*Asks:* 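Dropping the structure in here first, questions after.
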Amino acid sequence: MSKLPRSFYTRENVLEITEELLGKFLVTKYNGKITAGMITEAEAYGGVIDSASHAFKGRRTGRTEIMYLEGGRAYVYISYGIHHLFNVVTNEKDIPHAVLIRAIEPVEGIDLMLKRRKKKQPDYTLSSGPGSMSVAMGIKVYDTGTDLLGDKIWIEDRGIKIPQKKILRTIRIGVENSGKDAHLNYRYIIADNPWITRSSFNRIKE
DNA sequence: CGACCGATCGTCT
DNA sequence: GACGATCGGTCGA
């Protein structure tokens, strides 16, 4: 049960970091109330050379500026005008790598997650999918830039190691028109965990 | 269960 | 002025 140190995030291999984030625990604390879940699905975004990244070709705007900070911060932005998508910034300052957290398995504060999602009973849609996950955890776009070594949003290692053979790599979602890198296997999934995006789970079942 | 579609608005061109 | 790193509802088979 230890908070991931800065050195976890500042490494240069974003694929390695994405894979290692599976099985780690994302925790938020708002108004003293904790919600937490185990990361089950995440996507790597490779910065300036990745045509699917917001920072492709070194694009710097008010929104993407966060990605150029030192690793270990939250990059949150709005998608489709509705959804707040939570990313972890990685690598050193000026290298805009990021990992999109797409799904978690709820562990703590499930009552609060249900309230935020306006649901009565937990089901696999509670926190599977980046927009739903953010709602369940209470993460909003104004959390962008939050230091993950602070006491508001952080990621913990609770001693769980996902075996290599249970990790599935596949293409990222929603980037099919993003050019040369649309086909890269940059999405990492815990294959036997039902708390992942529904379409993925159905596909894995065969 | 898969395909389609509307919602909704900040960001970038 | 167009378009998403999406979601949830509906429709048809």
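Note that these values count all heavy atoms, side chains included, but never hydrogens, waters or copies made by symmetry. From a predicted model like this one, the values you see are computed outputs, not experimental measurements. Chain A is the first sequence line, chain B the second, and so forth, proteins listed ahead of strands; every chain is numbered from 1.
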*Asks:* So that I can compare with my own list, what are the stems of DNA chain C, taken as at least three consecutive Watson-Crick or G-U pairs with distances under 3.5 Å?
*Replies:* B:1-7 with C:6-12, B:9-12 with C:1-4
*Asks:* Output the rounded distance in Å from CZ (A:R187) to C1' (C:dT6).
*Replies:* 13 Å
*Asks:* Using atom CZ of A:R172 as one end and atom P of C:dT6 as the other, report the distance to the nearest whole Å.
*Replies:* 12 Å
*Asks:* Please give me every residue in residues 66-97 of chain A whose heavy atoms get under 4.0 Å of an atom in DNA chain C, ordered by residue number.
*Replies:* A:Y77, A:Y80, A:G81, A:H83, A:L85, A:N87
*Asks:* Which residues satisfy the salt bridge (Lys or Arg N to Asp or Glu O under 4.0 Å) test with A:K152, sequence neighbours excluded?
*Replies:* A:D143
*Asks:* Report the distance from atom CZ of A:F56 to atom P of C:dA5, rounded to the nearest whole Å.
*Replies:* 14 Å
*Asks:* In this structure, how many angstroms lie between the C1' atom of B:dT11 and the CZ atom of A:R59, rounded?
*Replies:* 9 Å
*Asks:* What nucleotide among B:dC12, C:dA5, C:dG8 has an atom nearest to a side-chain atom of A:R117?
*Replies:* C:dG8
*Asks:* Could you give all pairs that pass the ring-ring contact (aromatic ring centres under 6.0 Å, His included) test and reach residues 134-188 of chain A, with sequence neighbours left out?
*Replies:* none
*Asks:* Rounded to the nearest 0.5 Å, what separation is found between the CE atom of A:M67 and the OG1 atom of A:T144?
*Replies:* 9.0 Å
*Asks:* Choose from C:dT6, B:dT11, C:dA5 the nucleotide whose nearest atom is closest to any side-chain atom of A:T61.
*Replies:* B:dT11
*Asks:* If you find the nucleotide of DNA chain C closest to A:H54 and the one closest to A:K119, which residue's nucleotide is nearer the 5' end?
*Replies:* A:H54
*Asks:* Quick check on contacts: within residues 122-146 of chain A, what sits under 4.0 Å from DNA chain C by heavy-atom distance?
*Replies:* A:G129, A:P130, A:G131, A:S132
*Asks:* For the pair made of CZ in A:R102 and C1' in C:dC7, what is the distance, rounded to whole Å?
*Replies:* 11 Å
*Asks:* What's the CD-P distance between A:E65 and B:dT11, to the nearest Å?
*Replies:* 14 Å
*Asks:* Which residue pairs pass the salt bridge (Lys or Arg N to Asp or Glu O under 4.0 Å) test when at least one of the two sits in residues 169-178 of chain A, sequence neighbours left out?
*Replies:* A:D50-A:R172
*Asks:* Rounded to the nearest angstrom, tell me the gap between atom CG in A:N177 and atom P in C:dC3.
*Replies:* 11 Å
*Asks:* Enumerate the salt bridge (Lys or Arg N to Asp or Glu O under 4.0 Å) contacts for residues 103-118 of chain A, please, sequence neighbours excluded, ordered by first and then second residue.
*Replies:* A:E108-A:R158
*Asks:* With sequence neighbours left out, what residues match A:K3 under salt bridge (Lys or Arg N to Asp or Glu O under 4.0 Å)?
*Replies:* none
*Asks:* A:R63 CZ to C:dG4 P: how many Å, rounded?
*Replies:* 11 Å
*Asks:* Among residues two or more places apart or on two chains, list those pairs meeting side chain to side chain donor-acceptor pair (under 3.5 Å) that have a residue in residues 74-88 of chain A.
*Replies:* A:H54-A:Y75
*Asks:* Which pairs, with at least one residue in residues 4-28 of chain A and sequence neighbours excluded, count as a ring-ring contact (aromatic ring centres under 6.0 Å, His included)?
*Replies:* none
*Asks:* With sequence neighbours excluded, tell me which residues meet salt bridge (Lys or Arg N to Asp or Glu O under 4.0 Å) with A:D123.
*Replies:* A:K119
*Asks:* Using the test side-chain hydrogen bond (donor to acceptor under 3.5 Å, both in side chains), find all partners of A:R11 that sit at least two apart in sequence or belong to another chain.
*Replies:* A:E16, A:E20
*Asks:* Do A:I139 and A:Y30 come close enough that some side-chain heavy atom pair is under 4.5 Å?
*Replies:* yes
